Engineer: 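Before I ask anything, here is the structure I am working with.
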Amino acid sequence: MSEIAFRPATPEDVAALHPLIERAYRGDTAKVGWTHEADLLSDTRTSVDELSALIADPERVVLLAHQDGVLIGCVQVARVGDDRTYLGLLTVEPTLQASGLGRRLMAAAETEAVTRFGARRMEMTVINRRAELIAWYQRRGYHPTGETRPLPVDPPRPELDFVVLEKGL
């Protein structure tokens, strides 16, 4: 893999970022990779307005990964407490999954959490039915806290919820 450049997203990035996220999480294009939710959910992953609000929020940062000038991934870091942050929206171009980019995005997010927000802990949520993804995060030092949270979908899907994972930074 050639050099990857990381930088915070700006409002101008939404037009390229939104389709990348949808490609990676939903629909047939997501099924090229192994981290998709396409077999569980069919709605959109996020909207342009939601993504714009994330980027504008000073308590959050969306880091972009570019390779040879092409957007290939992203990850969000959000402050959720005095020394805690949340890792979300970890997105890798489906054709590049299993290339090591996800690990690099996570490392960049963890560094950003410490330097930008002074975090000592990072949490994330993963859909409970994604055992292979939870195991992947566990191999990277994230551990289940025992907490679950409802999945915010309409109509509600009681068989799906989020498992909370956490890691010390």
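Quantities reported herein were computed from a predicted structural model and do not represent experimental measurements. Here, residue 1 is the first one in the sequence, and each next residue gets the next number.
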Engineer: If you measure from CD on Q67 to CD1 on I72, what distance do you get to the nearest 0.5 Å?
Structural biologist: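 Q67 atom CD to I72 atom CD1 measures 4.5 Å (nearest 0.5 Å).
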Engineer: If you measure from the Lys or Arg side-chain nitrogens to the Asp or Glu carboxylate oxygens, is any gap between E123 and R121 under 4.0 Å?
Structural biologist: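 Looking at E123 and R121, the cut-off is not met.
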Engineer: Taking all non-hydrogen atoms of both residues, which atom of L101 and which atom of A65 are closest, and how far apart?
Structural biologist: CD1-CB, 4.2 Å
Engineer: Between K167 (side chain only) and Y137 (backbone N and O only), is there a donor and an acceptor less than 3.5 Å apart?
Structural biologist: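 No, because the side chain of K167 does not come within donor-acceptor range (under 3.5 Å) of the backbone of Y137.
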Engineer: Just how far is it from atom CG of L54 to atom CD of E59, taken to the nearest 0.5 Å?
Structural biologist: 13.0 Å
Engineer: Restricting to non-hydrogen atoms, name the atom on A113 and the atom on L169 that form the minimum distance, rounded to 0.1 Å.
Structural biologist: CB-CD1, 3.9 Å
Engineer: Are L87 and Y142 packed together at the side-chain level, in the sense that at least one heavy-atom pair is separated by less than 4.5 angstrom?
Structural biologist: yes
Engineer: How close do A119 and V114 get, heavy atom to heavy atom, and via which atoms?
Structural biologist: O-CG2, 3.5 Å
Engineer: Where do L71 and D13 land on the side chain to side chain contact (heavy atoms under 4.5 Å, CB included) test, with the steps shown first?
Structural biologist: CA-CA 9 Å; L71 179 62; D13 294 311; over 6 Å; no
Engineer: Under 4.5 Å between side-chain heavy atoms, counting indirect links through other Ile/Leu/Val/Met/Phe/Trp/Tyr residues: same cluster for L90 and I134 or not?
Structural biologist: yes
Engineer: Between V80 and M122, is there shared hydrophobic-cluster membership here, with clusters defined by ILVMFWY side-chain heavy atoms closer than 4.5 Å?
Structural biologist: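 Different clusters: V80 never reaches M122 through Ile, Leu, Val, Met, Phe, Trp or Tyr contacts under 4.5 Å.
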Engineer: Which is it for R104 and F6 under the side chain to side chain contact (heavy atoms under 4.5 Å, CB included) test, yes or no, and what are the steps along the way?
Structural biologist: CA-CA 10 Å; R104 292 180 69 181; F6 295 95; 4.1 Å; yes
Engineer: When rounded to the nearest 0.5 angstrom, what distance separates CG in L17 from SG in C74?
Structural biologist: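 Atom-to-atom, L17:CG and C74:SG are 4.5 Å apart.
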Engineer: Take F162 and T148 through the test side chain to side chain contact (heavy atoms under 4.5 Å, CB included) and record every step on the way to the result.
Structural biologist: CA-CA 5 Å; F162 282 127; T148 60; over 6 Å; no
Engineer: Under a 4.5 Å cut-off applied to non-hydrogen side-chain atoms, are E166 and R84 in contact?
Structural biologist: yes
Engineer: With a 4.5 Å heavy-atom cut-off, do L165 and P144 have their side chains touching?
Structural biologist: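 Counting from C-beta outward, L165 and P144 do come under 4.5 Å.
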Engineer: Which atom pair, heavy atoms only, marks the closest approach of L63 to A108?
Structural biologist: CD1-O, 3.7 Å
Engineer: Which value, rounded to the nearest 0.5 Å, describes the distance between L133 atom CG and I127 atom CD1?
Structural biologist: 9.0 Å
Engineer: To the nearest 0.5 Å, what is the distance between CD (E50) and NE2 (H18)?
Structural biologist: 8.0 Å
Engineer: Would you say that Y86 contacts R60 through its side chain, given a criterion of any heavy-atom pair below 4.5 Å between the two side chains?
Structural biologist: no
Engineer: For a quick test of reading the model, state the closest non-hydrogen atom pair linking V14 to P19 and the distance between them.
Structural biologist: O-CD, 4.2 Å
Engineer: Mind checking whether M106 and V75 have side chains closer than 4.5 Å, heavy atoms only?
Structural biologist: no
Engineer: Tell me, do P58 and R79 make a side-chain contact under 4.5 Å, heavy atoms counted?
Structural biologist: no
Engineer: Could you tell me whether R7 atom CZ has more than 12 heavy atoms of other residues or ligands within 6.0 Å of it?
Structural biologist: yes
Engineer: Say whether D49 and S52, considering side chains only, have a donor N or O and an acceptor N or O under 3.5 Å apart.
Structural biologist: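 No donor-acceptor contact under 3.5 Å links the two side chains.
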Engineer: Rounded to the nearest 0.5 Å, how far apart are OG1 of T91 and CG of L64?
Structural biologist: 10.0 Å
Engineer: Measure the shortest side-chain to side-chain distance between R116 and V77 over non-hydrogen atoms and say whether it is less than 4.5 angstrom.
Structural biologist: no
Engineer: What pair of heavy atoms forms the shortest contact from P8 to V61, and how long is it?
Structural biologist: CB-CG2, 3.8 Å
Engineer: Applying side chain to side chain contact (heavy atoms under 4.5 Å, CB included), run through R103 and W136 and close with a yes or a no.
Structural biologist: CA-CA 10 Å; R103 284 187 292 276; W136 187 85; 3.7 Å; yes
